[in-house]
Student: 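One structure follows; several queries about it will come next.
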Amino acid sequence: MKIVLDANIFISSFFWGGNPRLLLERVIKKQDDLYISKEILDEIEEVIGRPKFHAGKDEIEYFIKSIEEIANKVVIKNKIKNGSRDKTDNKYIECALTAGVDYIVSGDIHLLELKKYGKIKIISAKEYIEILQ
């Protein structure tokens with residue numbers, strides 16, 4: 001499947017494991033194709049850099065490079081106006097549209113409440129794992 005993961009899925013997979021880590025393991029094993037954009041990478045870098053995560057510069061750089069190694073990077077061509085109530089989340093929809101993915105996997109309530117955008121389904125990591133079983 002072709003997927004876009006939001007920043008909190010990456011953060012959860014790095015720090016806590018669970019279903020988010022299972023998703024990244026599927027990508028590493030080439031069972032799923034992960035798509036990402038510069039805008040998403042920038043948000044991941046900003047979030048990991050927050051004091052509560054205690055991540056140093058080298059760790060942050062490692063996380064970002066690790067993501068870049070397993071993901072297909074796209075350049076967002078078209079910005080959307082009507083997407084999430086939180087307009088900062090539109091970058092995930094824009095990436096998904098550009099890449100033509102099947103799913104956006106998120107832990108963000110603003111994205112999850114949409115349930116879908118066009119043909120793209122927006123679901124939690126748990127829901128994604130359940131679909132695969």
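Worth saying up front: this structure is predicted, and the values here are computed from it rather than measured.
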Student: What pairs of residues pass the side chain to side chain donor-acceptor pair (under 3.5 Å) test when at least one of them lies in residues 110-119, not counting sequence neighbours?
Tutor: R85-E113, D108-H110

Student: Assess the residue pair I70 and K30 against the criterion (side chain to side chain contact (heavy atoms under 4.5 Å, CB included)); give the C-alpha distance rounded to whole Å, side-chain angles, the decisive distance to 0.1 Å, and a yes or no.
Tutor: CA-CA 9 Å; I70 63 170; K30 304 210 181 296; over 6 Å; no

Student: Spell out, as yes or no, whether a donor-acceptor pair under 3.5 Å connects the side chain of D32 to the backbone of I3.
Tutor: no

Student: Kindly write out the residues that satisfy side chain to side chain donor-acceptor pair (under 3.5 Å) with D42, not counting sequence neighbours, or none if the list is empty.
Tutor: K38

Student: Calculate, to the nearest 0.5 Å, the distance between atoms CZ and CH2 belonging to R21 and W16 respectively.
Tutor: 11.0 Å

Student: Give, for atom CD of E39 and atom CD1 of I76, the distance between the pair rounded to the nearest 0.5 Å.
Tutor: 4.0 Å

Student: Report the residues that fulfil salt bridge (Lys or Arg N to Asp or Glu O under 4.0 Å) with E130, sequence neighbours left out, ordered by chain and then residue number.
Tutor: K126

Student: Show the nearest heavy-atom pair for residues I93 and G83, with the distance to one decimal.
Tutor: CD1-CA, 4.0 Å

Student: Can you tell me how far the CD1 atom of I67 sits from the CG atom of L24, to the nearest 0.5 Å?
Tutor: 7.5 Å

Student: Closer than 3.5 angstrom, by distance alone: can the side chain of S37 be matched with the main-chain N or O of I40 as a donor-acceptor pair?
Tutor: yes

Student: Restricting to side chain to side chain donor-acceptor pair (under 3.5 Å), what partner residues turn up for E43, sequence neighbours left out?
Tutor: K91, Y92

Student: Is there a side-chain contact between N78 and T98, using heavy atoms and a 4.5 Å cut-off?
Tutor: no

Student: Could you tell me which residues satisfy salt bridge (Lys or Arg N to Asp or Glu O under 4.0 Å) with E61, sequence neighbours excluded, listed by chain and number?
Tutor: K65

Student: Of all the heavy-atom pairs spanning I131 and I123, show the shortest one and how long it is.
Tutor: CD1-CD1, 3.6 Å

Student: Can you pull out every side chain to side chain donor-acceptor pair (under 3.5 Å) where at least one residue sits in residues 5-15? Sequence neighbours excluded, please.
Tutor: D6-N8, D6-S106

Student: Hey, what do you get for CZ (F10) to CD1 (I36), rounding to the nearest 0.5 Å?
Tutor: 4.0 Å

Student: Please name all residues satisfying ring-ring contact (aromatic ring centres under 6.0 Å, His included) with F63, sequence neighbours left out, ordered by chain then number.
Tutor: F14, F15

Student: Determine whether I109 and V4 fall in the same hydrophobic cluster, where Ile, Leu, Val, Met, Phe, Trp and Tyr are linked whenever their side-chain heavy atoms lie under 4.5 Å apart.
Tutor: no

Student: Holding to side chain to side chain donor-acceptor pair (under 3.5 Å), I want the full list of residues that pass it with D86, two or more places apart in sequence or in another chain.
Tutor: T88

Student: Say whether, by atom type as modelled, one donor and one acceptor occur between the side chain of E45 and the main chain of I64 under 3.5 angstrom.
Tutor: no

Student: Measuring from atom CG of L41 to atom NZ of K73, what distance do you get when rounded to the nearest 0.5 angstrom?
Tutor: 5.5 Å

Student: Are side-chain heavy atoms of V74 and C95 found at a separation under 4.5 Å?
Tutor: yes

Student: Test your reading of the model: is there a side-chain donor-acceptor pair from K87 to the backbone of S84, 3.5 Å cut-off?
Tutor: yes

Student: Roughly how far apart are I122 CD1 and I120 CD1, rounded to 0.5 Å?
Tutor: 7.5 Å

Student: Who passes salt bridge (Lys or Arg N to Asp or Glu O under 4.0 Å) against K2, sequence neighbours left out?
Tutor: none

Student: Could you tell me if the side chain of L114 sits less than 4.5 Å from the side chain of I104, heavy atoms only?
Tutor: no

Student: The criterion is side chain to side chain donor-acceptor pair (under 3.5 Å); which residues satisfy it with E69, sequence neighbours excluded?
Tutor: none

Student: Pairs of donor and acceptor atoms involving the side chains of residues 49-58, under 3.5 Å and at least two apart or interchain, shall be tabulated with distances.
Tutor:
unit_1, atom_1, unit_2, atom_2, d
R50, NE, E46, OE2, 3.2
R50, NH2, E46, OE1, 3.1
H54, ND1, P51, O, 3.4

Student: If I compare all heavy atoms of N19 with all of A125, which pair ends up nearest, and what's the gap?
Tutor: CB-CB, 3.8 Å

Student: Under the salt bridge (Lys or Arg N to Asp or Glu O under 4.0 Å) test, which residues partner D89, sequence neighbours left out?
Tutor: none

